[in-house]
Each structure stands twice: as structure tokens, then as C-alpha cells.
Amino acid sequence: MSSRRHFLHTVLGTSAAAAFAADAKLSYKGENIQFGLVTYMWGADWDLPTLLKNCDTAQVMAVELRIDHAHKVSTDLTPEQRAAVRKQFEDSPVDLLGMGTNFEFHSPKEDELKKNIEGAKQYIKLSHDLGASGVKVKPNGLPKDVPVEKTLAQIGKALAELGDYAVGFGQEIRLEVHGKDTSELPHIKTIMDAADRDNVRVCWNSNDTDLIGAGLAANFALVKDRLGHTVHIRGVNQSTYPLDQLAKLLVEADYQGHVCLEAHKLPAGDRVAALAEQRELFMNLVTEARKSVKD
């Protein structure tokens, strides 16, 4: 039960809490969905002070930092520099969700696989040092001449190793639904079955492949109980992806995390105003879903 629901039921009583919900005409489900930003594209050229200022202005109160952008938050930071970055977030109303990396675990080359696992471990420690909660990684394809089942199991085993390592740092491993073929949700489920760690979670990525096969709802159902603290979406008014349906699925699942904009196209004009508009557009979809979903 969310903290808000717990408060209503314990302080106001069950009847009063029910009356409050009825007056609001919104399901309690989805009340903890929040909006954030992945710094890919829209925040790529903002240094850290600018990023924090712009997110605060747009009322987008959480960010996932891509590691190769102008904010320059990477494992190259010294302990003193890490402490300085952490303090900038602590002094800001904007939360750091974690690090967005490109580490991948499908290569049949053992040295390449090991290099990616060890690289991800370094970012797990960095995320911990900065006060964040997780690291995004991804599958990125299926090598030719390797059985699909073998590659999926290999990715899952790598994630299990990272999950075990991340426990000691209080971190979540977020597997982005990504890559040619590997972005298909049945494959993601197979990977997650092989990983089998509570702190290894799925980062929904709003891909067109979500709609193939049995369709969006059925594919979402394959991983909804394994969703992590971040979900990625494209621009709300920039694609034909059925974000209204995704919002309803998230509400029905009572998702408690951040839906983060990861737009591939820069807006014309004022980017900060456009970011605020994106937040409003998506949260309006959540509100509409909460009107129609039953408790």
C-alpha cells in the first residue's frame, strides 16, 4: 500500500478514505507515477548546473544521466568530484535516478563479454556514490551462428552477476528493452527468467516491437511484475506509439516509478517549455487512465 493510501486509511478511516477517492473520481492506482527525463538528446548538451536548473523550471524532478553527454558524469570522477556531483543533486529538488549506460552482454567473445560486465560494475559503484538507485544496461542483438536460447541465457547470467554485485551497493539493474530481435518481449522475459534476481528489473522502452505478436497488453503482461523504477517513452506528440494505452496499463499495474522522456527529436523553440509540455501531456494521460481504472 502506498504511503498516501496508508495515511488515508489510518488517519481518516476506511469510510472517509473511500469518500475521498470517490470525490476525486480517480483510482488510487497510478498515483505514484512520476515524470522524468533521460538526458539523451533533450539534455545532451546541458552541463550539470544547466540540467538541474532547466529540469526544475520544467517541473521534471528526476533524471537518468546518459554517461557520454555534456554533464560529464562518468567513472573518471575522483571521490572528491563524485561528492561534489552528489551535493549538487542534494541541493536541488531534482533527483538522480541513475546512470544510463550502453553495456551489453550478447557477444560470443568471452573477453568482450567480460569487458562489458566489468564496465557495468564500475557504474554501479558510481551510481551508489552519487546517491542514485540504479544502472541501465541493454541487450543489443542476437549474434549470427549462435543459438538464440544460448545468447538469451548468457545475457541473463551476466545480469545475475551484476545483480549480485549491485546488492552490496543498494542498486537496481535496469534492463532496457532494446536491440534488434532482443527487444521482442518474449525474449526479454526469457532473459529475465535466466537472470532471476529481485534487483534485476525491466526498463520498458516503448518500442514498435511492443505491438507485434499478441499485442501491447499481452506483451506488457509478460514483464509487468518485473518493471523497474524507470520506464522510457518517446515524445508524447512525436510518434504513433499508443501512449494512452501504455498509461492505462501502467495505472492498472499500479506502477510506482518514473516515466522518463527519451525523445529522439529535438523540439523547435524553447526546449525547457517543451519539456514542461511533455510532462503535462503524459501526466494528463495518466489522469485520464486513473478516471477509468477501477480500484
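In the hydrophobic clustering of ILVMFWY residues, with side-chain heavy atoms under 4.5 Å counting as a link, Tyr241 and Leu249 come out together. One hydrophobic cluster, built from ILVMFWY side chains closer than 4.5 Å, holds both Met41 and Val38. Cluster annotation: Leu243 is connected to Leu261 through the hydrophobic network of ILVMFWY side chains, with a link wherever side-chain heavy atoms come within less than 4.5 Å. Cluster membership check: Val146 does not share its hydrophobic cluster with Leu113, using side-chain heavy-atom separations under 4.5 Å among Ile, Leu, Val, Met, Phe, Trp and Tyr. No continuous path of ILVMFWY side-chain contacts below 4.5 Å connects Leu285 to Tyr28, so the two sit in separate hydrophobic clusters.
Using a 4.5 Å heavy-atom threshold, the side chains of Ile33 and Val259 count as touching. Inter-residue side-chain proximity for Val73 and Ile67 is flagged as unmet; no heavy-atom pair is nearer than 4.5 Å. Looking at heavy atoms from C-beta onward, Leu37 lies in side-chain contact with Leu51 at the 4.5 angstrom threshold. Contact of the Gln238 side chain with the Val236 side chain is not registered, since no non-hydrogen atoms from C-beta on lie closer than 4.5 Å. Side-chain contact between Glu277 and Leu281 is present, with at least one heavy-atom pair separated by less than 4.5 Å. A heavy-atom distance below 4.5 Å is not found between the side chains of Leu52 and Trp46. Considering only heavy atoms from C-beta on, Pro139 comes within 4.5 Å of Leu175 through its side chain. Side-chain atoms of Leu130 and Phe89, non-hydrogen and from C-beta on, never get closer than 4.5 Å to each other.
Below 30°, between 30° and 60°, or above 60°: for Trp204 and Phe220 the angle between ring planes is above 60°, a perpendicular geometry. Phe282 and Phe35 have tilted rings, their planes meeting at an angle from 30° to 60° on a 0 to 90° scale. The aromatic rings of Phe103 and Tyr123 sit tilted, their planes meeting at an angle between 30° and 60°.
With no hydrogens or angles considered, a side-chain donor-acceptor pair links Ser127 and Gln171 at under 3.5 Å. His232 and Glu176 are linked by a side-chain donor-acceptor pair at a separation below 3.5 angstrom, with hydrogens and angles left out of the test. For the residue pair Asn140 / His178, a side-chain donor-acceptor distance below 3.5 Å is found, with atom types taken as modelled. A side-chain donor from one of His71 and Thr39 sits under 3.5 Å from a side-chain acceptor of the other. Counting only N and O atoms by type, the side chains of Asn54 and Thr57 include no donor and acceptor under 3.5 Å apart. A donor and an acceptor atom, one from each side chain of Gln278 and Asn237, are located under 3.5 Å apart. Of the N and O atoms on the side chains of Asn207 and Ser183, not one donor lies less than 3.5 Å from an acceptor on the other residue.
When the shell of 6.0 Å around CG of Asp111 is examined, it contains more than 12 heavy atoms from other residues, nucleotides or ligands. Atom CG of Asp91 sits in a crowded spot, with more than 12 heavy atoms from other residues, nucleotides or ligands closer than 6.0 Å. Within 6.0 Å of NZ on Lys121 lie more than 12 heavy atoms contributed by other residues, nucleotides or ligands. The environment of CD in Gln81 is crowded: more than 12 heavy-atom neighbours from other residues, nucleotides or ligands sit within 6.0 Å.
Minimum interatomic distance between Arg201 and Gly228 (heavy atoms only, all atoms of both residues): CB-CA, 3.3 Å. Nearest heavy-atom pair across Gly235 and Ala263 is N-CB, 4.0 Å. Asn116 and Asn102 make their closest contact through OD1-O, 4.5 Å (heavy atoms, listed as atom of the first residue, atom of the second, distance). Taking all atoms of both residues into account, the shortest heavy-atom contact from Cys55 to Val94 is CB-CG2, 3.9 Å. Across all their heavy atoms, Val293 and Ser27 have their closest contact at O-CB, 3.3 Å. Residues Asn199 and Gly163 share a closest heavy-atom pair of ND2-O, 2.9 Å.
Between the Thr209 side chain and the Glu184 main chain, no donor and acceptor come within less than 3.5 Å of each other. Side-chain atoms of Asn32 never come within 3.5 Å of backbone atoms of Tyr255 as a donor-acceptor pair (strictly under, hydrogens ignored). At distances below 3.5 Å, at least one donor-acceptor pair connects side-chain atoms of Gln154 with backbone N or O atoms of Ser107. Under the 3.5 Å distance criterion, the side-chain polar atoms of Arg197 are matched with a main-chain donor or acceptor of Ala195. Of the possible polar contacts, one joining the Asn219 side chain to the Gly215 backbone as a donor-acceptor pair under 3.5 Å is found. At least one donor-acceptor pair closer than 3.5 Å links the side chain of Glu172 to the backbone N or O of His229. In terms of modelled atom types and a separation under 3.5 Å, the side chain of Lys136 and the main chain of Thr101 share a donor-acceptor contact. Under the 3.5 Å distance criterion, the side-chain polar atoms of Ser133 are matched with a main-chain donor or acceptor of Leu97. Distance alone, capped at 3.5 Å, is enough to place a donor-acceptor pair between the Trp42 side chain and the Lys265 backbone.
Atom NE2 of His106 sits about 12.0 Å away from atom NZ of Lys180, to the nearest 0.5 Å. Note that CD of Gln59 and CZ of Arg279 are 6.0 Å apart. Values are rounded to the nearest 0.5 Å. Taking NZ from Lys53 and CG from Asp56, the interatomic distance works out to 9.0 Å, rounded to the nearest 0.5 Å. Put simply, CD1 on Ile212 and CG on Leu185 are 8.5 Å apart, with the number rounded to the nearest 0.5 Å. Here the straight-line distance linking atom CG of Leu162 with atom CZ of Arg174 works out to 13.5 Å at 0.5 Å rounding. In this structure, Ser239 OG and Asp208 CG are separated by 7.5 Å, a value rounded to the nearest 0.5 Å.
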Working for side chain to side chain contact (heavy atoms under 4.5 Å, CB included), residues Leu222 and Ile188:
CA-CA 9 Å; Leu222 293 176; Ile188 295 294; over 6 Å; no
Assess whether side chain to side chain contact (heavy atoms under 4.5 Å, CB included) is satisfied between Val202 and Met192, documenting all intermediate values.
CA-CA 8 Å; Val202 172; Met192 294 299 294; 3.6 Å; yes
Between Thr230 and Glu64, is a side chain to side chain contact (heavy atoms under 4.5 Å, CB included) present by the stated rule, with each step listed?
CA-CA 9 Å; Thr230 56; Glu64 175 190 300; 4.2 Å; yes
Under the side chain to side chain donor-acceptor pair (under 3.5 Å) criterion, do Asp47 and Thr50 qualify, and how do the steps go?
CA-CA 5 Å; Asp47 62 19; Thr50 302; 2.7 Å; yes
Going through the checks in order, is the side chain to side chain contact (heavy atoms under 4.5 Å, CB included) test met by Leu126 and Phe169?
CA-CA 10 Å; Leu126 175 66; Phe169 294 96; over 6 Å; no
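Salt-bridge formation is detected for the pair Asp193/Lys189: a Lys NZ or Arg NE/NH1/NH2 atom is positioned less than 4.0 Å from an Asp or Glu carboxylate oxygen. Electrostatic pairing of Glu112 and Lys115 does not count as a salt bridge here, judged by no charged N lying under 4.0 Å from a carboxylate O. The residues Glu262 and Arg234 are annotated as salt-bridged, a charged nitrogen and a carboxylate oxygen being separated by less than 4.0 angstrom. A salt bridge between Asp45 and Arg271 is present, with a side-chain N of the basic residue lying under 4.0 Å from a carboxylate O of the acidic one.
The residue from Lys87, Arg86, Arg82 that alone fulfils the salt bridge (charged side-chain N to carboxylate O under 4.0 Å, His left out) condition with Asp129 is Arg82.
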